[in-house]
Structure formats: structure tokens, C-alpha cells
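Below: one structure, written as C-alpha cells.
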Amino acid sequence: MPSGTVALAFSGGLDTTVCVPLLKEEYGYDDVIGVTVDVGQPDAEFAAARETAAALGVEHHVVDATAEFAALCFDAVRANATYQGYPLGTALARPIIADAILSVAEAEGCAALAHGCTGKGNDQLRFEAVWRASDHEVCAPVRELGLTREWEIEYAAERDLPVEAGNEGEWSIDTNLWSRSVEGGHLEEPDYQPPADIYAWTDAPSGETGTVDITFEAGVPVAVDGTAMEPVALIEALNDRAGSYGVGRTDMLEDRMLGLKVRENYEHPAATTLLAAHKALEGLVLTKAERDFTAAVSQQWAQKAYEGVVEHPLMDALNGYLDETQSAVSGTVTIAFEGGRARPIARESEHAVYSADAASFNTETVAGIEQADATGVAKYHGFQSRLANAAFDGNK
Ligand code: ARG
């Protein structure tokens, strides 16, 4: 039987609440410490976690990781990272949360780490990818004991655990600075149209329009409408602003790591706005070859981020590529909010790979090249295709 203290990723929801007595009774730990990590969830969630922990009699820690999380979100902007169209909010938060819990466990001399994730989702994998690099035991009671929601509700009632039956509402919601995810209940059915009340960050798109200027330095957002802002504040401000125009809703079928296809709904107004602006600025300052290669880098970066393995050596390599290319991605982009979209409508940078003279129809000679010089290029263009087609026709 193991002994000592176990640090539990604690939200105060049903899963993590039933984990507390189970970690003592079924796993044999002497004590449980609940750790709630702040990645920008609503204040009410901390109050609820604190109250539940107090009612359970467990020591409770709240760790502020908003700054680390915002920095990782901005790494994701630099990388243009989306997974199947979703800006990765839940995924990016998990390694940050896991790291913060590991630090508490180390400071408190805990023997083990525990989470309340099920065996079907991605989060168990993301937490454990971080934790299994340490010497701590890892416990996943919900998965390992095969718990179902019904069993948990009954167990909580029998033990008089502090869970209000309806306290988790109809949907399962995961909120952080970068996105709000809503799933479960009827929303799991791909053909079920979500009711308006699943949205909390975005108004329904209307005819109302607006614009915002986003300034980047080396691929990282630094100012909104010319006012320099810290990452956390910048994200919060844009969530409010873009959300009021109905920007940043995603309704999708997501392929989870274990192969399950799951219907997901997300809100991410700031992420949508920043990603659109960043890509628009890249269009101005990167060469075509860099833009093409960056698309492949983005895909790999997003895949590893979705898996929660941000410490993967491939990530270091991809970030090295981004350090190099993003050094040119400084400038300002104007985004129009219209019809629920964030559409780039202007961009400027001192690193623009753009020559008004070269692109103009009114200039005859640029850098010693004149229009007629393209004739030779035009003659060769498609040459191999013509050769191949002639050979094929000839052999028929
Ligand atoms: N499926 C998403 C992901 O793995 C998010 C799930 C969030 N959880 C929730 N209970 N809404 O990134």
C-alpha cells in the first residue's frame, strides 16, 4: 500500500470530489492536497473549489499560472496553431496546470499525483505526459477504478460528500483565457443544433461592425489600438471586444487522441482575432517559401500541442524555426469584425517584402527588369507538362 500525501488536480467538480476519499480508502494515501491552477477560469470556480475543499477537509492550494499560460498562447499565435480549426485552449492549458501541480507536490513533499480525468479523453494523456517525467506515483482513480457518473453521484450521496446534484449543469464546460469549451449532454449528438445559451463569451453575430488594430513584435501581440498591453490583459480585452461581435465560435467534430470522434463547441474570440491578424502580417513580411514551410511547421506544432507534449524535442526544433522567421513579423494589422468574422483589412510593417513599384501596372522598369523580360519565362512555363503530354499522346 502506498502512503504519504497525494496532490490532486482539484476543480471541486464531481469527479475530483469523489477522488478525495477514494485516494485514501482505495489507494491508501494518508492525505490529499487539492490544487486548483488559475489559467483564467471565472472567479466563481475558485470560490466553489475552495468551499468544496473546506467541506471535504482537504488542504487547498490555488496557483496563479495565468502569465505562463498566456505566454504559451502567444507561442501558439506565433505558430498559427489550430487543431482541426480549434485554437487549442484546453490542450495548451493542461501542461501548464500539470507543471504547477507538480511544483506544489515537490514543495509539499508529496509521494504521488492524481487527476480525475476519465479514460476516454485527452486530458489524462496530457497530465500524465508531464507527470510521468517525475518520480511521483500517478493515480487516475476515475479511469483506474472504472467509475461512471451514476456511480459517482450515488457514492457522493452515500458519503454525504459536498456535491450539489445539479451543480455542474447540463453541459461540461472547460474555461481558460484562450477558450471556453462546451460539451456533453445532447451536444454530443452531431445533428443536435446548440441552443443559444451554450455561449457565454460571444453574442450572436449581428449587422454591427467594428475594427481593431493589433501590433506584433517578432510574431507576438504587444498592443491593441496602439496601447501596449500585458499578455493576460490583452487576451481578456480582445475576448470582450471580439466576443461582442460574435467572433470566435467553433462547432466541430474533433478527432481525439484515442481515436474517438467527439462533437465539440468552443468560443475563442481573442484567439480567432490574433491568429487572423498574425497570419495577415506574415503575408506581408514572409517570403512565399517561408509561408509554405511555416504551414507545415504550424501543423506539427499544433499536433504536439494538442497532445500536450509541449516539451517534445520537436517543439524545440519548431520553435527554433519560428524564432528565426518570426523576427520579421513585426507591424500592425487592422481587423474588421463583421458577421461573426475577424477579417484583416490593412497591414503595415517595416519588414514588408513588398515593393509598390514592382507590383504597380504603371512602372515599366524595376531593378533593371522590364515587362518584356517575362517573355522567356512565359515560353518555358509549363514546358515539362507539354513534353509529358506529347509523349503520352504519341504512345497511345
Ligand atoms: N476536447 C477538447 C480537447 O481535448 C476539450 C475538452 C474540454 N473539456 C470539457 N469538459 N469541456 O482539447
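These numbers come from the heavy atoms of this one structure, side chains and all, not from hydrogens, waters or symmetry mates. Predicted model only: the values in this text are computed from it and were never measured. Order of appearance sets the numbers: ligands from 1, and atoms from 1 within every ligand.
- Taking the ring axis of Tyr306 as reference, the NZ or CZ atom of Arg126 stays within 45° of it and closer than 6.0 Å to the ring centre.
- A side-chain donor-acceptor contact under 3.5 Å links Glu267 to the backbone of Ala200.
- The protein non-hydrogen atom at the shortest distance from atom 11 (N) of ligand 1 is Ser181 OG, 2.8 Å.
- The residues Glu188 and Lys120 are annotated as not salt-bridged, no charged nitrogen and carboxylate oxygen being separated by less than 4.0 angstrom.
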Requested in this report: Applying side chain to side chain contact (heavy atoms under 4.5 Å, CB included), run through Trp201 and Thr175 and close with a yes or a no.
Outcome: CA-CA 10 Å; Trp201 284 8; Thr175 311; 3.5 Å; yes
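- If you look at Tyr266 next to ligand 1, the close heavy atoms, those under 4.0 Å, all belong to the side chain.
- Heavy atoms of Arg263 found under 4.0 angstrom from ligand 1: none, in either backbone or side chain.
- Neither the backbone nor the side chain of Tyr83 comes within contact range of ligand 1; no heavy atom lies under 4.0 Å.
- Residues passing the side-chain hydrogen bond (donor to acceptor under 3.5 Å, both in side chains) test with Asp64, sequence neighbours excluded: Thr66.
- Legend: residues meeting side-chain contact (heavy atoms from CB on, under 4.5 Å) with Leu258, ordered by chain and number and at least two apart, are Gln124, Leu125.
- In terms of protein heavy-atom proximity, atom 12 (O) of ligand 1 is closest to Tyr86 OH, 2.6 Å.
- Counting atoms of ligand 1 from 1 in the listed order, those under 4.0 Å from a heavy atom of Asp174 are 7 (C), 8 (N), 9 (C), 11 (N).
- Close contacts between ligand 1 and Glu183 involve ligand atoms 6 (C), 8 (N), 9 (C), 10 (N), 11 (N) [criterion: under 4.0 Å to a heavy atom].
- Atom 10 (N) of ligand 1 has as its closest protein heavy atom Ser172 OG, 2.5 Å.
- Residue contacts with ligand 1: Glu254 is placed with a nitrogen or oxygen under 3.5 Å of a nitrogen or oxygen of the ligand (distance criterion only).
- Protein heavy atom closest to atom 4 (O) of ligand 1, with residue, atom name and distance, is Asn122 ND2, 2.8 Å.
- Both tests hold for Arg249 against Tyr199: distance to the six-membered ring centre under 6.0 Å, angle to the ring axis within 45°.
- Here the heavy atom of the protein found nearest to atom 1 (N) of ligand 1 is Glu264 OE2, 2.7 Å.
- Glu282 has no carboxylate O lying under 4.0 Å from a charged side-chain N of Lys279, or vice versa, which leaves the two without a salt bridge.
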